[in-house]
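Notes for the one structure printed next.
Because only heavy atoms are used, hydrogens play no part in the values below, and waters and symmetry mates are left out as well, while side chains stay in. Remember, it's 1-based here, ligands and their atoms both numbered in the order they're listed.
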Amino acid sequence: MARIHNLGFPRIGAQRELKFAQEKHWKGALSHGELQALGAELRQQNWRRQSALDLVPVGDFAFYDQVLDASFLLGNVPARARAGEGEPLDAYFRVARGRAAGDTDGGVAAGEMTKWFDTNYHYIVPELSVETSFRLDASRLLAQLAEARKTGVAAKPVIIGPVTYLWLGKAKDGSDRLSLLPKLLPVYRELLATLAREGVDWVQIDEPALVTELSPVWQQAYKTAYEALKGAGSKLLLATYFGRLGENLELATSLPVDGIHLDAVSARGEVHALLSSLPEGRVLSLGVVSGRNIWKADLGKALDYLEPIAQQLGDRLWLAPSCSHLHVPVDLANEQKLDPELRSWLAFAQQKLEELQVLGKALNQCRAAVQEALNHNAAAIHSRRTSARVNNPRVQAAVQGLSSELGQRKSRYQARAAVQAKAFKLPQFPTTTIGSFPQTPEIRRARSEYRAGKLEEAQYELQMRAEIERAVREQEKLGLDVLVHGEAERNDMVEYFGEQLQGYAFSELGWVQSYGSRCVKPPILFGDISRPSPMTVGWTRYAQSLTQRPMKGMLTGPVTILNWSFVRDDQPRSASCYQLALAIREEVQDLEKAGVRVIQIDEAALREGLPLRRAEWQEYLKWAVDSFRIAANGVADETQIHTHMCYSEFNDIIESIAAMDADVITIETSRSDMELLDAFDRFEYPNEIGPGVYDIHSPNVPTEQQIVELMTKAAKKVPPQRLWVNPDCGLKTRNWDEVLPALQNMVSAAKRLRAQLA
Ligand code: GLN
Ligand code: ZN
């Protein structure tokens with residue numbers, strides 16, 4: 001009998017209850033007790049949703065982040081957060097969010113946050129140093145175990161494995177993280193013994209680091225760690241996900257654990273290799289339903305390959321989602337507005353559990369036992385495959401016919417730069433901003449009333465035009481050189497385009513946790529992408545009509561639109577990206593025709609699409625850069641193409657950034673003190689560049705002097721003729737009161753730099 005289990009369930013709640021409770025608590029409007037009660041209620045709900053499974057995860061709930069929970073479980077709490085009295089949750093949130101400086105103390109710095117593997121979830125990085133010590137505090141996990149049992153589910157505690165825990169951490173003192181392993185393992189042994197004493201049969205121990213490229217010392221650490229945990233307590237299911245094991249496959253099967261979970265969606269090709277090297281008696285858990293997308297699984301196809309495996313393994317075969325459901329929305333049942341056809345293709349966390357149960361029943365009894373469900377599924381898969389809304393032959397032919405010439409500017413940068421210099425007559429150190437201006441409450445209200453049908457189109461149009469005019473006048477007053485229209489009409493830089501492209505759909509409640517209380521609702525890219533009509537030309541043309549200065553047309557690039565969406569699983573990501581590129585290319589050309597001479601195409605998410613394995617980076621960068629070039633480069637030499645990226649870790653991909661061949665790139669650098677430009681010691685970025693000089697994440701207003709100093713630093717790395725002066729990113733989250741003085745200082749700093757140079 002195959003067993004069905006889950007690796008983790010979304011904790012935010014179907015209506016984002018956790019988010020609202022967290023935020024209320026942080027504002028002081030919800031007590032510890034009330035927050036705890038809400039947490040308990042969410043866990044109950046989740047367990048009830050999963051109660052038909054053979055094993056249900058416990059410990060996947062967290063009030064902020066599961067890695068931070070692991071740090072508390074292991075007693076690795078930064079000293080600065082420990083100090084002080086109060087509820088344990090206070091210390092927890094102190095690490096998660098920091099605390100502003102008060103009258104009596106200097107505040108507490110928040111823990112560093114970074115991306116969880118290749119997802120858009122962010123975790124709190126464990127802080128490590130030679131001094132780090134560990135001490136088990138299993139109170140929270142044990143309490144949740146008791147709760148789960150009261151609910152009547154078969155509980156399976158979930159913990160992060162010791163090697164992945166260290167792998168996720170950062171040694172601030174530069175020490176070797178692995179040197180902590182001998183101190184860490186006894187705590188894990190104690191934990192496993194404790195759980196065994198509580199009668200826990202199986203523990204899921206997550207080791208996703210096994211899907212990354214590991215050096216020999218990290219591989220050895222796996223052997224050491226699991227040798228040490230052997231026989232310590234409950235049985236171990238070693239869970240890997242997000243990719244294939246590759247060269248770590250034999251390492252994984254050699255570890256003395258009781259079972260292994262493989263992501264059989266992204267590592268489908270490894271199922272048989274794993275099966276044949278799996279030692280006698282081990283459990284094989286196959287993640288056959290994707291925990292990363294929102295599509296129904298093809299159950300018939302899954303059964304075709306699972307049936308012989310079930311024959312062979314019997315009750316040693318377990319079925320699960322590929323990874324925790326943390327990365328998908330909770331329940332499709334809450335979506336009322338999706339059209340029925342599209343809806344019939346989708347599965348959120350709740351529906352994915354149901355798919356697993358159908359698979360389990362088909363394997364344990366026979367397909368006939370779930371015939372109706374299988375028929376439904378097959379009909380949905382067929383309708384999606386053949387739908388005219390998914391398949392657009394014109395778009396497919398256009399992608400087939402792509403040639404690299406499409407991505408080629410007519411002339412090289414030097415020649416273009418000369419033509420553009422003549423046309424624009426910009427001063428040295430030209431000043432500009434990244435696109436958005438403050439999104440005031442009035443702007444937000446107008447947008448949401450318009451959406452709700454409470455504000456008429458003509459009224460809305462007038463109000464947005466007034467906002468554009470305000471932004472233009474302010475920029476002229478400030479004396480900025482290249483202007484923007486301010487993006488008042490945009491709620492989100494991806495959603496705005498998705499809503500106007502064919503092939504995109506939007507859920508109402510398809511929220512996914514990004515970090516802490518922050519959730520995102522990725523649009524759903526479901527079909528071949530086309531652009532029925534221009535998306536930005538009207539606003540931009542109006543903005544340009546208000547001023548003699550060059551106005552930037554503002555677009556989001558194909559790679560960013562792709563990386564921030566739920567994407568198709570029926571074609572490679574690259575194919576969808578090329579389609580997006582062609583749609584954006586049409587927009588670029590329409591802007592050019594409308595007389596817009598500077599066009600910025602933001603690629604804020606290009607870097608985060610990098611695959612987990614470096615060996616796969618080049619392939620990704622090739623199609624990502626190609627897509628950008630196709631979108632951007634179909635313009636005349638006179639048209640200046642800008643791109644923007646909100647990060648500065650470029651060292652390892654600088655060649656690809658250069659290959660995009662944008663005339664100007666603006667990037668985030670102010671907080672890192674121009675550190676990014678170190679990449680240029682090795683590689684000279686050939687085109688123009690605007691390293692950010694105004695940290696828009698902070699309410700601080702940079703002084704003229706600070707900006708001059710930053711730019712002087714930059715001028716040591718990049719010839720001053722090729723430098724621009726601009727903020728780190730868009731200004732939409734700031735107030736006009738902060739933005740105006742900051743930009744004033746930026747403009748006067750540019751003037752001083754020009755004078756110094758002259
Ligand atoms: N043009 C966008 C803005 O200014 C860019 C945002 C981003 O890079 N995240 O808001
Ligand atoms: Zn940015």
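Applying the side-chain contact (heavy atoms from CB on, under 4.5 Å) test between Q579 and each of D528, I584, L562 identifies D528 as the sole match.
The ring of Y578 has its center no closer than 6.0 angstrom to the ring center of W623. Between F242 and H327, the ring centre distance stays below 6.0 Å.
Checking Y504 against S565 by side-chain atom types alone, a donor-acceptor pair falls below 3.5 Å. There is no side-chain donor-acceptor pair under 3.5 Å between D678 and N651.
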Under a 3.5 Å threshold, I'd like every N/O contact between ligand 1 and protein atoms, with atom names and distance.
unit_1, atom_1, unit_2, atom_2, d
ligand 1, 1 (N), I434, O, 3.1
ligand 1, 1 (N), E487, OE2, 2.9
ligand 1, 1 (N), D602, OD2, 2.7
ligand 1, 4 (O), I434, O, 3.4
ligand 1, 4 (O), S436, N, 2.9
ligand 1, 4 (O), S436, OG, 3.1
ligand 1, 8 (O), H644, NE2, 3.1
ligand 1, 10 (O), S436, OG, 2.8

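In this structure, D695 does not pair ionically with R734, as no charged nitrogen and carboxylate oxygen lie closer than 4.0 Å.
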Steps toward side chain to side chain donor-acceptor pair (under 3.5 Å) verdict (R11, Q66): CA-CA 10 Å; R11 47 187 169 246; Q66 75 271 11; 2.6 Å; yes
Audit row: M645, R607, side-chain contact (heavy atoms from CB on, under 4.5 Å) steps and yes/no: CA-CA 9 Å; M645 295 177 186; R607 194 177 204 290; over 6 Å; no
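Within the protein, the N, O or S atoms sitting under 2.8 Å from the Zn ion (ligand 2) are H644 NE2, C646 SG, C729 SG.
Summarising the geometry, atom OG1 belonging to T432 is positioned 6.0 Å from atom CH2 belonging to W724; distances are rounded to the nearest 0.5 Å.
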